[in-house]
**Student:** 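The structure's right below; bear with me while I get my questions together.
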Amino acid sequence: MATERYNAPDRERYWQHVWEKSQIFRASEDKARPKCYVLEMFPYPSGRIHMGHVRNYAMGDVFARYKRAKGFNVLHPMGWDAFGMPAENAAMERKVDPGTWTYANIDTMRGQLKSMGLSLDWSREIATCTPTYYKHQQKLFLDLLKKGLAYRKSSKVNWDPVDHTVLANEQVIDGRGWRSGALVEQRQLTQWFFKITDYAEELLSDLDTLVNWPEKVRLMQANWIGRSDGMLVRWALDKKTAPKGFSEVEVYTTRPDTLFGASFLAVAADHPLAKAAAENNPELEAFCEECRRMGTSVAEIEAAEKRGFDTGIRAIHPFDKDWELPVYVANFILMDYGTGAIFGCPAGDQRDMDFARRYGLPVVPVILPPDKDAATFELKDTAYTDDGTMINSRFLDGLTTKAAFEETAQRLETQKLGRKPQGARKVNFRLRDWGISRQRYWGCPIPVVHCKTCGVVPVPEKDLPIKLPEDATFDKPGNPLERHPTWKHVNCPKCGEPATRETDTMDTFVDSSWYYVRFTAPEAATPVDVDAAHYWLPVDQYIGGIEHAILHLLYSRFFARAMCDTRHLSFATNTREPFAALFTQGMVTHETYKSPEGFWMLPGDVRLEGEGAHRRAVEIATGRQVTIGATEKMSKSRKNLVDPDDIIAHYGADCARWFMLSDSPPERDVIWTEAGVAGAGRFIQRIWRIVDEIAETFPGPLGARPESFGPEALEIRKAAHRALDQVGRAIEALRFNVAVANIHEFANVLHSALSQSGPDIAWAAREAGAFLVTMIGPMMPHLAEECWARLGYNTLVANEPWPAVEPDLLVDDQVTIAVQVNGKRRDELVISRSAKSEDVEAAALKLGSVLRALDGRQPKKVIVVPQRIVNVVG
RNA sequence: GCGGACGUGGUGGAACCGGUAGACACACAGGACUUAAAAUCCUGAGAGGGUGACCUCGUGAGGGUUCGAGUCCCUCCGUCCGCACCA
């Protein structure tokens, strides 16, 4: 009896070796089977994997292995998002070459991932920093350039003074660089952009098709794209006051209905009209300068008051040539939204209200709230921005807000009142083009050459890849490519004269915008093997962190479309969405500990004692009391890290995987606890013991199925089939914690059933054992193989199909239904599943508990929900 | 400020479409085994009351719809997340 304890670390190495040798996770196109592309967001090779990776990849692996068992042709690849700042920082700090550093990290992390036993097709591994990858990215860039989807312009950009590079709008968080955390500055630079705004409408409307994405992510993207329906309204300027060459100003508004509530116009400090007006007005010039300086940080914007400067220019109301309004330069007008100019309606917009109150401008209410009386309605300092009935608005009076919008829009479009004021409907987006220039070394070089005579010249395709020089220096800040002695000096591909290479490299988010395409044919001579991509895409299940809800996912959605339009890609589906289903997993958190001096401490240096209110922590080395802090995301800075290697070496990968999948719903944060891991470790041994006992007590293969099963054997079979059914559904829905609970439940049933004997029991137990092993397979694959072998099979459970559930076994002949009296549960009733409602009612009314609860009253009504509940109303 | 999500025992969390709330696990308590510990196995447990089969209360708070509400509707409170002068 009792085989020894399952030695996870040892057996895991063995089974990993077996999988690797048999190459079972290699994917190839197979039209005969339905495909399933399972992808987890690929890691940045920062040095070592962390628990967040373990959780992410464990989830993806469960799904991939399950789908494989369900008969799908699964593609489950892995690679490295390998360009980026940390490699350069390492080069600066430790004098190692960024490439050397990166590849060493990749080697380490590959080893770590392999020790997790993931069902990955390693033959497709890619690293974005290899010329064999970025060569194709350069080709894609050239095609985008040709198509007009990549372009250069001078613009105000977010400059990260720590990383010495430009950041995209999406990469500025609370006014700080997303990576460095430095306060971002505004600089005027000539930069490369991708025309993501060309796809704004499609990127927004197609969100509706992404039904298998979290609602939250879709909303975040929709808000980010920020569509608004409005009008462009052109206001004539009074000739006497307008600067030379300006006869009108165009403003953007989403509320043309409030046009009669206008009391001023305002333009941004960078607006051409402001610049012209400032030319011979030093005071205004100074004000504009001040405005430009502001707005460099969000903190300042928040604190800033609404301020303006009257330019002296007067504008003429589109519907009344005798109505003049002042034109201000104002600090709260954004040059890059709409037209950089607005008309201010204090009654209908809080900002305009603040502004009007400060400068003593008129406040005319134009919308009467539904619950207010026209005679008494007045506005204090709060604007009314909702719908209502139009007042003080001439021909709009009495209309609803919506009708007034239409009426105004129509009139503006068709009429030519006064001096050529007019308007046009316009959809405006908040989304800006994606600035991809980075003044860094460790990125994909932008393949163009700047020539004095020919201008910007694309590098001929035959010259790709433009490789990074291997002898760059990192001893001072700035772009190593820019200061490299020879790299940038080339001859113009067009005229042959001396010219310079573009020294900007691409934002690393470009690399990750198409890697999922490259995985479908990682060796292809062209960026994409169209057939392979057509077969595999879209990704059927994508799993990663919520932190990429906007950046990476939006860029990827853009890139898929841009690649379609440059004929690199075509989808078999009728949308151009790269990720059919998205799942965003929660973070891995851990308690934090602080020494008496206030320094963060590693969990490994701390011993926990007591519980509840008496729970305390002491430093193992000294026995000193340690402060237990909040539970937070595992991070280096707080030192609340647990190294996956340690866990895998001690408990095994299956244990780490199982714990990650237990308890917490995958979309929520999971708290890593030593007790939880130990519990997972105990369960592994429990499974091993159960399987061992089955193998020992009921040896041999499944054999011929008995003619009939006794009630005890039937119970085992029912439990097995029910569990298999439930676990399958739970995995399908990515509800791993529920699957884990179902497995626990089944293991408990099986464990207590094993003391019985008999030929039918033997068969049922063997079947149940096989089921148990199959259902733990996706989550604890090594243990499953070991158990599978122990049960006497000489195949790999990783290759076994998910058994078919016998539907008959999922239903019981007898059902237990609750009996309520007036909605309160009083009893329960075990009755035939097919019992008629009348019979159920009769049986319920006979129950002593029911009679007692009725207390002599006659039942007024009896509600019977078949197989569920009886409610006696009395 | 705007938008969204969430709120269930000591803890993590279950509960299909409105139908027995608390599955499963962790932690805990008691017992068995053991010289002892670990491991394992068995048992217990939402709160309160009763000797007892039982009764009352209970899913953030309050109200509503319903035979019946953790689930649907309204108001409020709290926590978390996203966006934030976007006209």
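What's counted below: heavy atoms across the whole structure, side chains too, no hydrogens, waters or symmetry copies.
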**Student:** Rounded off to whole Å, could you give me the CG-to-P distance for the D229(A) and rC86(B) pair?
**Tutor:**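 Distance check: D229(A) CG to rC86(B) P gives 17 Å.
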
**Student:** Checking E841(A) side chain against I863(A) main chain: does a donor-acceptor pair fall under 3.5 Å?
**Tutor:**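 Judged by distance alone, no pair lies under 3.5 Å.
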
**Student:** Determine the Euclidean distance between corresponding P atoms of rG62(B) and rA27(B); express it in Å to zero decimal places.
**Tutor:**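 After rounding to an integer number of Å, I get 35 Å for this pair.
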
**Student:** With nearest nucleotide decided by heavy atoms, which residue, R868(A) or D669(A), maps closer to the 5′ end of RNA chain B?
**Tutor:**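 Residue closer to the 5' terminus by nearest nucleotide: D669(A).
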
**Student:** Check the phosphate of rC55(B) against R826(A), side-chain N and O only, distance under 4.0 Å to OP1 or OP2. Yes or no?
**Tutor:**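 For R826(A), the contact criterion (side-chain N or O under 4.0 Å from OP1 or OP2 of rC55(B)) is met.
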
**Student:** Rounding to the closest angstrom, what is the interatomic distance between rA15(B) and rC72(B) at atom P?
**Tutor:**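 Their P atoms lie roughly 14 Å apart.
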
**Student:** If the C1' atom of rU59(B) is compared with that of rG70(B), how far apart are they to the nearest Å?
**Tutor:**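 One C1' to the other, the span is 5 Å.
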
**Student:** So that I can tick it off, tell me whether D354(A) and R358(A) are bridged by a salt bridge, with the cut-off set at under 4.0 angstrom between side-chain N and carboxylate O.
**Tutor:**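 Looking at R358(A) and D354(A), the cut-off is not met.
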
**Student:** Is any side-chain nitrogen or oxygen of R689(A) closer than 4.0 Å to OP1 or OP2 of rC41(B)?
**Tutor:**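 Result: yes.
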
**Student:** Between rU43(B) and rC33(B), how many Å separate the two C1' atoms, rounded to a whole number?
**Tutor:**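 It comes out at 15 Å once rounded to the nearest Å.
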
**Student:** Looking at G676(A), is its backbone amide N or carbonyl O close enough to the side chain of T673(A) to form a donor-acceptor pair, meaning the two atoms are under 3.5 Å apart?
**Tutor:**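 Answer holds: yes.
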
**Student:** Whole-Å distance between rG12(B) C1' and F683(A) CZ?
**Tutor:**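 Roughly 17 Å, once rounded to whole Å.
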
**Student:** Taking only the P atom of each, what is the distance from rA21(B) to rC54(B) in whole angstrom?
**Tutor:**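 It works out to 15 Å between them.
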
**Student:** Report the nucleotide, chosen from rG13(B), rG19(B), rA87(B), that has the shortest atom-to-atom distance to any side-chain atom of L334(A).
**Tutor:**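 Looking only at side-chain atoms, L334(A) lies closest to rA87(B).
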
**Student:** Quick one: do D387(A) and K402(A) make a salt bridge, cutoff under 4.0 Å?
**Tutor:**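 Judged by the 4.0 Å cut-off on N to carboxylate O distance, D387(A) and K402(A) do not form a salt bridge.
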
**Student:** Please determine, for the side chain of I333(A), which listed nucleotide (rA87(B), rG19(B), rA27(B)) has the closest atom?
**Tutor:**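 In terms of side-chain proximity for I333(A), the closest of rA87(B), rG19(B), rA27(B) is rA87(B).
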
**Student:** Expressed as a whole number of Å, how far does the C1' atom of rC80(B) sit from that of rA25(B)?
**Tutor:**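 Each nucleotide's C1' atom is 25 Å from the other's.
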
**Student:** Taking 4.0 Å as the cut-off, does a side-chain nitrogen or oxygen of Y337(A) come that near to OP1 or OP2 on rA87(B)?
**Tutor:**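 True: Y337(A) side-chain N/O within range (under 4.0 Å) of rA87(B) OP1/OP2.
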
**Student:** Please work out the stems of RNA chain B from pairs that are Watson-Crick or G-U wobble with both distances under 3.5 Å, keeping only runs of three or more consecutive pairs.
**Tutor:**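 As far as RNA chain B goes, consecutive pairing (with distances under 3.5 Å) yields the stems B:1-7 with B:77-83, B:10-12 with B:24-26, B:28-32 with B:40-44, B:46-49 with B:54-57, B:60-64 with B:72-76.
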
**Student:** Which is it for rC73(B), anti or syn, if anything within 90° of zero counts as syn?
**Tutor:**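 Anti, angle beyond 90° from zero.
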
**Student:** Using side-chain contact (heavy atoms from CB on, under 4.5 Å) as the criterion, point out the one residue from I546(A), L554(A), L207(A) that pairs with V217(A).
**Tutor:**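 Of I546(A), L554(A), L207(A), side-chain contact (heavy atoms from CB on, under 4.5 Å) with V217(A) is met by I546(A) alone.
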
**Student:** Rounded to whole angstroms, how far apart are CE on M220(A) and C1' on rA84(B)?
**Tutor:**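 Result: 14 Å.
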
**Student:** So which pairs with a foot in residues 734-755 of chain A pass side chain to side chain donor-acceptor pair (under 3.5 Å), sequence neighbours left out?
**Tutor:**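 Qualifying pairs: R686(A)-N748(A).
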
**Student:** If the plane angle is over 60° it's perpendicular, under 30° parallel, otherwise tilted; pick one for H552(A) and H548(A).
**Tutor:**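 The rings of H552(A) and H548(A) stand perpendicular, inter-plane angle above 60°.
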
**Student:** Aromatic contact between F771(A) and F746(A), with the criterion being ring centroids under 6.0 Å apart: yes or no?
**Tutor:**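 No, the ring of F771(A) stays outside the 6.0 Å limit from the ring of F746(A), centre to centre.
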
**Student:** Among rC54(B), rA84(B), rA87(B), find the nucleotide with the atom closest to the side chain of R430(A).
**Tutor:**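 Looking only at side-chain atoms, R430(A) lies closest to rA84(B).
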
**Student:** Show your reasoning for whether ring-ring contact (aromatic ring centres under 6.0 Å, His included) applies to W213(A) and F583(A).
**Tutor:** CA-CA 7 Å; W213(A) 278 42; F583(A) 188 84; over 10 Å; no

**Student:** Reading RNA chain B from 5' onward, which residue's closest nucleotide shows up sooner: A818(A) or F332(A)?
**Tutor:**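 So the residue in question is A818(A).
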
**Student:** Taking only N and O in the side chain of R682(A), is any of them less than 4.0 Å away from OP1 or OP2 of rA25(B)?
**Tutor:**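 No, R682(A) has no side-chain N/O under 4.0 Å of OP1/OP2 on rA25(B).
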
**Student:** Side chain of K306(A), base of rC85(B): donor and acceptor closer than 3.5 Å?
**Tutor:**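 Under the 3.5 Å cut-off, the side chain and the base do form a donor-acceptor pair.
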
**Student:** Measure up the Y328(A) and F264(A) rings against each other and bin them: parallel (under 30°), tilted (30 to 60°), perpendicular (over 60°).
**Tutor:**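 It falls in the perpendicular class, over 60°.
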
**Student:** Give a yes/no answer on whether the side chain of N748(A) brings an N or O atom under 4.0 Å of OP1 or OP2 in rA25(B).
**Tutor:**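 For rA25(B), OP1/OP2 do have a side-chain N/O of N748(A) under 4.0 Å.
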
**Student:** Can you figure out which of rC41(B), rA87(B), rC26(B) approaches the side chain of T253(A) most closely?
**Tutor:**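 Among rC41(B), rA87(B), rC26(B), the one nearest the side chain of T253(A) is rA87(B).
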
**Student:** Round to the nearest Å and state the distance from I671(A) atom CD1 to rG12(B) atom C1'.
**Tutor:**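 Roughly 7 Å, once rounded to whole Å.
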
**Student:** Indicate whether any N or O donor in one side chain lies under 3.5 Å from an N or O acceptor in the other, for Q585(A) and R55(A).
**Tutor:**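 Result is no, nothing qualifies.
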
**Student:** How far, in whole Å, is rG3(B) from rC76(B) if one measures between their P atoms?
**Tutor:**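 That atom pair is separated by 13 Å.
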
**Student:** Which ones in residues 720-739 of chain A lie close to RNA chain B, meaning a heavy atom under 4.0 Å from one of its atoms?
**Tutor:**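 RNA chain B contact set from residues 720-739 of chain A: R735(A), N737(A).
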
**Student:** Given rA87(B), rC24(B), rA39(B), which nucleotide is nearest the side-chain atoms of H744(A)?
**Tutor:**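 Comparing rA87(B), rC24(B), rA39(B) against the side chain of H744(A), the answer is rC24(B).
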
**Student:** Looking only at side-chain N and O atoms, does R686(A) come under 4.0 Å of OP1 or OP2 in rC24(B)?
**Tutor:**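 Checking rC24(B) against R686(A), no side-chain N or O comes under 4.0 Å of OP1 or OP2.
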
**Student:** Between rU56(B) and R825(A), is there an OP1 or OP2 to side-chain N/O distance shorter than 4.0 Å?
**Tutor:**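 Result: no.
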
**Student:** For K216(A) and rC81(B), what is the distance between atoms NZ and C1' respectively, to the nearest whole Å?
**Tutor:**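 Interatomic distance, NZ of K216(A) to C1' of rC81(B): 4 Å.
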
**Student:** Under the rule syn = chi within 90° of 0, otherwise anti, which is rG60(B)?
**Tutor:**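 rG60(B): anti glycosidic orientation.
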
**Student:** Which nucleotide wins on minimum distance to the side chain of W224(A), given the candidates rA87(B), rC41(B), rA84(B)?
**Tutor:**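 Given the options rA87(B), rC41(B), rA84(B), the side chain of W224(A) is closest to rA84(B).
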
**Student:** If I pick the C1' atom on rA69(B) and the same atom on rG64(B), what distance separates them, to the nearest angstrom?
**Tutor:**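 Their C1' atoms lie roughly 11 Å apart.
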
**Student:** Is the NZ or CZ atom of R5(A) both under 6.0 Å from the centre of the six-membered ring of W688(A) and within 45° of that ring's axis?
**Tutor:**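 Relative to the ring axis of W688(A), which defines the angle, R5(A) lies outside at least one limit.
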
**Student:** Among rC85(B), rG19(B), rC67(B), which nucleotide sits nearest the side chain of K861(A)?
**Tutor:**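 Looking only at side-chain atoms, K861(A) lies closest to rC67(B).
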
**Student:** From CG of N871(A) over to P of rC67(B), roughly how many Å is that when rounded to an integer?
**Tutor:**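 From N871(A) CG to rC67(B) P: 10 Å.
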
